[in-house]
*Asks:* 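Have a look at this one before I ask anything.
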Amino acid sequence: MTHTDVSSETEDKTSVSAESEPKARAKRSRSHRRKTEPKLGSRHLITCWFGRACERKECWFKHPDGRDVDRKREKRDRSRVRSRPIRSRTPHRSPRRVNRSASKPREKSRREGTKHLKTSEKNGREEKEEKEKDEKKNEKKKKVETKDTEEEQSDQAKDATNVTGSTSSALKKMDFREFILQHFEGTPEEAVAAFQAYCQKMTEEEGKTEFEILKNTGLCFDLYHPLGRLRSYDWSRSMACERAKNFLMEVEQGRYTGLSLRARRPNGASVTCPVAHLEPPEFAFDANVGTLMISGLPPAMSAWDVVEALQDLSGFTSAAWTPPSPQKLSRSFYAHFKSAKEAHAALLALLADPDLLRKGLTTGTARASLQEGSPELSALVLPSVMSSPSRLEKDLLLSKSVIERMDELHGVSKEITSSLLDFCGNTELKLDLQVLYLRRVHHFCFYSGKWCRDEWTLRILCGAATVREPYRQDDTDMEIWAIGHEGRIKDFLDTVSLTRPTVLRYDDVQIKERFDEVCREKIITVSDQKFQCKDCRKSFKGCEYVRNHLLRMHTDILQGIREEFHQNMARKEFLADPERPPLGALRH
């Protein structure tokens with residue numbers, strides 16, 4: 001092989017290798033879509049497409065010519081360092097008078113010093129800024145907390161002054177002599193008629209002022225507001241259904257074996273006999289066992305706030321509260337638990353967490369305490385005529401009618417009612433079981449004909465139980481008592497009712513009409529095809545679109561209209577209540 005052939009072969013090899021390995025050209029990335037930094041050797045590690053105009057904070061693409069953002073940042077840092085004079089170690093020298101014709105190593109050390117100062121000052125400045133931010137945040141939190149506490153205290157003070165404080169704006173009622181001397185001239189008959197009209201008008205004005213004082217309190221919500229009355233109605237029905245279910249379960253388990261309502265005392269003794277809590281044969285019930293009492297519940301607070309705070313605790317079964325006192329309008333709240341141990345645990349949880357109840361109940365006028373069972377319970381003894389066989393048969397039918405009526409009003413299932421009424425046993429045992437069912441489930445005393453609000457009121461009015469004296473044939477003087485008892489039960493069956501309170505819905509006619517009136521005031525007509533919302537200035541093509549916008553986005557308008565109607569209904573209920581709190585109690 002000649003030299004020319006070798007050279008040609010080498011030229012061919014070099015040309016082939018050049019063709020197989022094309023030139024590497026710089027590529028540019030057109031976007032910053034990748035969110036994670038690529039690995040080394042990846043084909044995406046290329047020159048940034050934005051070049052000097054790139055503004056990404058930490059861009060991992062190549063910038064051979066640098067970036068304008070980095071240069072501006074460097075200039076800014078240099079200007080900050082130059083604006084601050086550098087203090088020299090010697091007091092007689094100033095950094096402005098330093099010789100500019102210094103040597104290169106001195107300039108280099110000076111630059112290193114400025115860089116060190118720049119980084120140290122920057123770090124110190126950042127630390128100071130962070131400390132200042134933390135201090136400002138803490139101050140803001142403290143201010144917000146103090147404002148919240150002050151607002152709560154002011155609200156409580158306002159409620160207290162509104163309810164129990166002095167009402168200087170209260171109207172002063174004149175007597176007949178003052179009215180005649182100041183406002184009337186005419187005949188005596190006309191004077192009497194005018195004074196009666198004046199008294200009626202003054203009572204209405206006093207009622208309005210009383211309602212304005214109580215309008216925004218929890219007491220008004222519990223007693224007169226439609227939503228509060230509806231909640232009480234639903235609560236009583238649900239609790240009655242739960243008690244009926246538990247009572248029937250206990251009967252099936254043999255809990256009331258040995259039940260008998262015969263009096264265990266000798267003839268000629270007192271009208272009461274001793275009984276024990278849930279002990280045979282009477283199975284009397286002491287409501288104070290396992291009960292947590294909160295006394296002095298302020299009128300500014302609703303009882304439902306306490307129910308919501310306690311109903312999630314273990315062992316909670318029922319709750320009740322007393323009517324407001326005539327002096328301070330305060331109430332007592334009772335919460336019953338399954339056992340005294342669970343009631344004690346609830347008391348500890350209530351005292352350990354003062355924020356468990358709203359408006360500082362445990363630190364205010366109210367006090368929480370644990371009730372203790374009475375060591376001596378007494379049952380009322382009925383005359384012996386109530387134990388006669390004929391009387392037992394009649395009372396069995398009467399108690400059956402009362403149970404059917406009460407279960408129907410409270411929504412108790414018919415299966416529970418029929419299971420109770422079909423209980424196997426003699427006449428006296430079935431009557432005793434039905435009487436006990438009425439007391440425990442519906443808080444109704446069969447022999448007195450009184451339907452109480454809760455078990456605590458039932459015990460106060462009718463005792464812990466009611467027993468019958470053994471029958472004697474020679475005792476015929478008390479027949480009048482049996483006749484009165486039968487009349488009371490029949491009157492109760494004719495008059496008893498439990499109606500559901502009326503609450504307005506959002507789709508009621510009167511609310512819709514009022515909402516349409518408000519919509520006309522809230523719509524601004526810009527042109528024939530452009531309308532605006534008055535609250536947020538949003539534009540629409542038609543009035544219907546604005547109305548739908550107000551209905552969906554500005555929901556407070558519809559809620560306010562409904563609340564306005566509910567307040568009017570509460571005012572009517574308050575004025576029609578003969579037992580409403582007097583204005584004197586509100587003043588003092």
Side-chain angles (χ1 to χ4, degrees), residues 236-237 239-241 243-244 247-248 251 256 259-263 271-273 275 282-285 379-412 414 416-423 425-472 475-499:
S236 62
R237 284 170 59 90
M239 289 291 103
C241 293
R243 289 192 296 267
F247 185 86
L248 183 62
V251 171
Y256 299 107
L259 173 64
S260 176
L261 296 182
R262 287 186 180 182
V271 294
T272 61
C273 69
V275 291
E282 297 88 1
F283 290 96
F285 182 73
L380 300 177
V381 180
L382 303 178
S384 63
V385 69
M386 302 303 296
S387 297
S388 64
S390 60
R391 186 72 258 169
L392 293 178
E393 292 287 344
K394 292 180 180 179
D395 287 345
L396 182 63
L397 296 177
L398 288 175
S399 61
K400 179 181 178 181
S401 301
V402 175
I403 289 174
E404 291 176 346
R405 179 62 174 160
M406 296 295 284
D407 286 354
E408 181 183 359
L409 292 175
H410 289 87
V412 179
K414 294 182 180 181
I416 296 176
T417 306
S418 60
S419 300
L420 179 72
L421 298 178
D422 296 340
F423 181 77
N426 56 20
T427 303
E428 186 176 2
L429 179 60
K430 293 175 68 175
L431 175 61
D432 294 344
L433 186 64
Q434 292 178 11
V435 170
L436 184 63
Y437 175 83
L438 289 173
R439 287 186 68 96
R440 296 293 304 276
V441 176
H442 297 295
H443 308 141
F444 179 78
C445 181
F446 176 72
Y447 290 105
S448 64
K450 291 183 180 180
W451 183 21
C452 300
R453 155 187 328 108
D454 49 68
E455 52 265 39
W456 292 273
T457 309
L458 178 64
R459 181 194 166 185
I460 293 172
L461 297 179
C462 305
T466 306
V467 295
R468 300 180 300 269
E469 191 175 349
Y471 177 64
R472 299 192 308 272
D475 190 6
T476 59
D477 297 336
M478 301 302 292
E479 283 290 339
I480 190 172
W481 204 97
I483 296 172
H485 159 66
E486 188 172 352
R488 287 191 296 269
I489 297 300
K490 290 182 178 180
D491 292 340
F492 174 78
L493 291 173
D494 294 337
T495 58
V496 64
S497 63
L498 186 64
T499 56

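Heads up: numbering here begins at 1 and tracks the sequence.
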*Asks:* I need the minimum non-hydrogen distance between Leu493 and Val496, along with the two atoms involved.
*Replies:* O-CG1, 3.9 Å
*Asks:* Identify the two heavy atoms, one from Ala464 and one from Val275, that lie closest to each other, and give their separation to 0.1 Å.
*Replies:* CB-CG2, 4.4 Å
*Asks:* Is there a side-chain contact between Thr466 and Phe446, using heavy atoms and a 4.5 Å cut-off?
*Replies:* no
*Asks:* CG/Asp395 to OG/Ser388 distance, rounded to the nearest 0.5 angstrom?
*Replies:* 8.5 Å
*Asks:* Show me the pairs that pass salt bridge (charged side-chain N to carboxylate O under 4.0 Å, His left out) and involve residues 444-464, at least two apart or across chains.
*Replies:* Asp286-Arg459
*Asks:* In terms of relative ring orientation, are Phe247 and Tyr437 parallel, tilted or perpendicular, with 30° and 60° separating the classes?
*Replies:* perpendicular
*Asks:* If you compare all heavy atoms of Val412 against all heavy atoms of His442, which two are closest, and at what distance to 0.1 Å?
*Replies:* CG2-CE1, 4.5 Å
*Asks:* Could you give the distance from CZ (Phe492) to OG (Ser448), rounded to the nearest 0.5 Å?
*Replies:* 10.5 Å
*Asks:* Within the distance-only criterion (no hydrogens, no angle test), does the side chain of Ser387 pair as donor or acceptor with the backbone N or O of Glu469 below 3.5 angstrom?
*Replies:* yes
*Asks:* Is the closest side-chain heavy-atom distance between Val271 and Leu380 below 4.5 Å?
*Replies:* no
*Asks:* Atom NZ of Lys430 and atom CG of Leu433: how far apart are they, to the nearest 0.5 Å?
*Replies:* 10.0 Å
*Asks:* Go through Arg391 and Glu486 one step at a time and tell me if the side chain to side chain contact (heavy atoms under 4.5 Å, CB included) criterion holds.
*Replies:* CA-CA 10 Å; Arg391 186 72 258 169; Glu486 188 172 352; 3.4 Å; yes
*Asks:* If I take atom OG from residue Ser418 and atom CG from residue Leu420, how far apart are they, to the nearest 0.5 angstrom?
*Replies:* 9.0 Å
*Asks:* Where do Ser384 and Pro470 come nearest, in terms of heavy atoms and distance?
*Replies:* CB-O, 3.0 Å
*Asks:* What salt bridge (charged side-chain N to carboxylate O under 4.0 Å, His left out) pairs are there with at least one residue in residues 431-443, not counting sequence neighbours?
*Replies:* Asp432-Arg468
*Asks:* Report yes if some heavy atom in the side chain of Cys445 is under 4.5 Å from a heavy atom in the side chain of Leu461; otherwise report no.
*Replies:* no
*Asks:* Starting at CG of Leu429, measure out to CG of Leu259 and round the result to the nearest 0.5 Å.
*Replies:* 6.5 Å
*Asks:* Could you state the interatomic distance from CD1 (Ile489) to CG (Asp494), rounded to the nearest 0.5 Å?
*Replies:* 11.5 Å
*Asks:* I want to check something: taking the side chain as every heavy atom from C-beta on, are His443 and Thr457 in contact at a cut-off of under 4.5 Å?
*Replies:* no
*Asks:* Taking salt bridge (charged side-chain N to carboxylate O under 4.0 Å, His left out) as the cut-off, I'd like each qualifying pair that reaches into residues 379-390, sequence neighbours left out, listed once.
*Replies:* none
*Asks:* Is it true that, when you exclude Arg237 itself, more than 12 heavy atoms of the residues, nucleotides or ligands shown sit nearer than 6.0 Å to its CZ?
*Replies:* yes
*Asks:* Under the side chain to side chain contact (heavy atoms under 4.5 Å, CB included) rule, what do Lys394 and His485 come out as? Steps first, then yes or no, please.
*Replies:* CA-CA 11 Å; Lys394 292 180 180 179; His485 159 66; over 6 Å; no
*Asks:* Should Val402 and Gln434 count as side-chain neighbours, where that means a heavy-atom distance under 4.5 Å?
*Replies:* no
*Asks:* I want to check a possible cation-pi pair here: Arg488 against Trp451, using under 6.0 Å from ring centre and within 45° of the ring axis as the test.
*Replies:* no
*Asks:* Does any part of the side chain of Asp407, heavy atoms only, come nearer than 4.5 Å to the side chain of Ile416, both counted from C-beta?
*Replies:* no
